[in-house]
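Right, one structure below, let's go through it.
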Amino acid sequence: MKIASYNINGINARLDNLLRWLAEAKPDVVCLQELKAPDDRFPWKALLAAGYHSIWHGQKSWNGVAILSSYGEIQETRRGLDGDPNDLHSRYIEAFINGIVIGCLYLPNGNPFPGPKFDYKLKWIKRLTKHAKKLNGFDLPVALVGDYNIMPTELDTYKPEKYIDNALFRPEARKLWQILLSQGWTDAFRKMYPEQRIYTFWDYLRNAYQRDAGLRLDHFLLNHKLADKLQSATVEKHVRGWAHSSDHAPVWIEISEARAPHPS
DNA sequence: ATGTCAATCGTGGATTGA
């Protein structure tokens, strides 16, 4: 089972790229972020024609998350996080697919630091941590997937010293990431590549992709029940090189599936 | 700051967010 995450940076502006990549990579489940589209402009028909059912939580102009599945109709389990009734950003959607709880998230960027946007980011991480604790109590495989907008360590950025005062790398955010992980979550990519510099984002500015001036922002957190089944993890770096690409690359993990018992 | 995108309002280009 292939579970993917892709910050698409405008689903309608990049629908052709998305469909091309789906046809090429054939993931089973895809978590999308930064739809930048209201609910009534989500291209569900084109995705259905490509073989994917969708659930989505859109918003005018910014944010927006969706989950695609090749397994048929999707059982949605949640949209949004508790803890702030005034938060209207569409940043979290969750479903139960093929026996796995999959949370798709778009964590606030938080720049500029310091400021209200950074404060909102920290609060959002705490709300996510609270929800993650609840999910971790279930006797089910769980994956929390998406654009975390956090570089957890110096290995996760091409130039750590440049990012000291950046919300993506501030110690306050990295500390909350560690607190979240300490509940028992496995960072799937770091588990598969313990020492390697891997990036999932390259800025549009200053030929960042050509220079490999990247950041690792998109993560898969797996609970124990799922981490045991992790087979591989891949960054689809070449897709970032396509014309009219998002500034993120699609990323995916492969999960081994227990063979279903034969019907008797 | 630099310089690159998309959405918006609303029809040309400034503004906002990333």
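Throughout, a chain's letter reflects where its sequence line sits, starting with A, and its residues are numbered from 1. Reckoned from all heavy atoms, side chains included, excluding hydrogens, waters and symmetry mates. Here the structure is a predicted model, which means the values were calculated and not measured.
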For nucleotides 2-14 of chain B, just jot down a letter per nucleotide in 5' to 3' order: B, S or -, based on protein non-hydrogen atoms under 4.0 Å. BBBSSSSS-----
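Nucleotides dT15(B) and dG10(B) place their P atoms 15 Å apart, quoted to the nearest Å. Here the separation of dA7(B) from dG12(B), taken at their C1' atoms, is 15 Å to the nearest Å. On the P atoms, dA1(B) is 25 Å away from dG13(B), given to the nearest whole Å.
Between the P atom of dA18(B) and the NZ atom of K121(A) lies a distance of 10 Å, rounded to the nearest Å. Straight-line distance from the CG atom of N63(A) to the P atom of dG17(B): 11 Å, rounded to whole Å. Taking atom CZ of F118(A) as the reference point, atom P of dA18(B) lies 14 Å away to the nearest angstrom. When rounded to the nearest whole Å, the span between CG of D218(A) and C1' of dA18(B) equals 13 Å.
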Which pairs would a plain distance check flag for residues 93-115 of chain A, meaning a side-chain donor or acceptor within less than 3.5 Å of a matching protein atom at least two apart in sequence or in another chain?
from    : atom 1 : to      : atom 2 : distance (Å)
E94(A)  : OE1    : Y92(A)  : OH     : 2.5
E94(A)  : OE1    : H131(A) : NE2    : 2.7
E94(A)  : OE2    : T77(A)  : OG1    : 2.8
N98(A)  : ND2    : Y71(A)  : OH     : 3.2
N98(A)  : ND2    : E257(A) : OE1    : 2.7
Y106(A) : OH     : E34(A)  : OE2    : 3.4
N109(A) : OD1    : N111(A) : N      : 3.0
N109(A) : OD1    : N111(A) : ND2    : 3.1
N111(A) : OD1    : A167(A) : N      : 2.9
N111(A) : ND2    : N166(A) : OD1    : 2.9

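Side-chain contact of E24(A) with H238(A): a donor-acceptor pair under 3.5 Å is present, judged by distance alone. For the residue pair D87(A)/Y120(A), the side-chain donor-acceptor check at 3.5 Å is satisfied.
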Show, in sequence, the C-alpha distance, side-chain angles and deciding distance for N9(A) and Y204(A), and conclude whether the side-chain hydrogen bond (donor to acceptor under 3.5 Å, both in side chains) test is met. CA-CA 12 Å; N9(A) 189 13; Y204(A) 290 120; 3.2 Å; yes
Run the side-chain contact (heavy atoms from CB on, under 4.5 Å) test on R216(A) and R190(A) for me, step by step, so that the C-alpha distance in whole Å, both residues' side-chain angles and the decisive distance to 0.1 Å come before the verdict. CA-CA 10 Å; R216(A) 190 171 78 99; R190(A) 208 31 96 202; 3.7 Å; yes
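When heavy atoms are screened at a 4.0 angstrom cut-off, Y106(A) is found touching the sugar-phosphate backbone but no base atom.
Among residues two or more places apart in sequence or in another chain, the salt bridge (Lys or Arg N to Asp or Glu O under 4.0 Å) test is passed with D40(A) by none.
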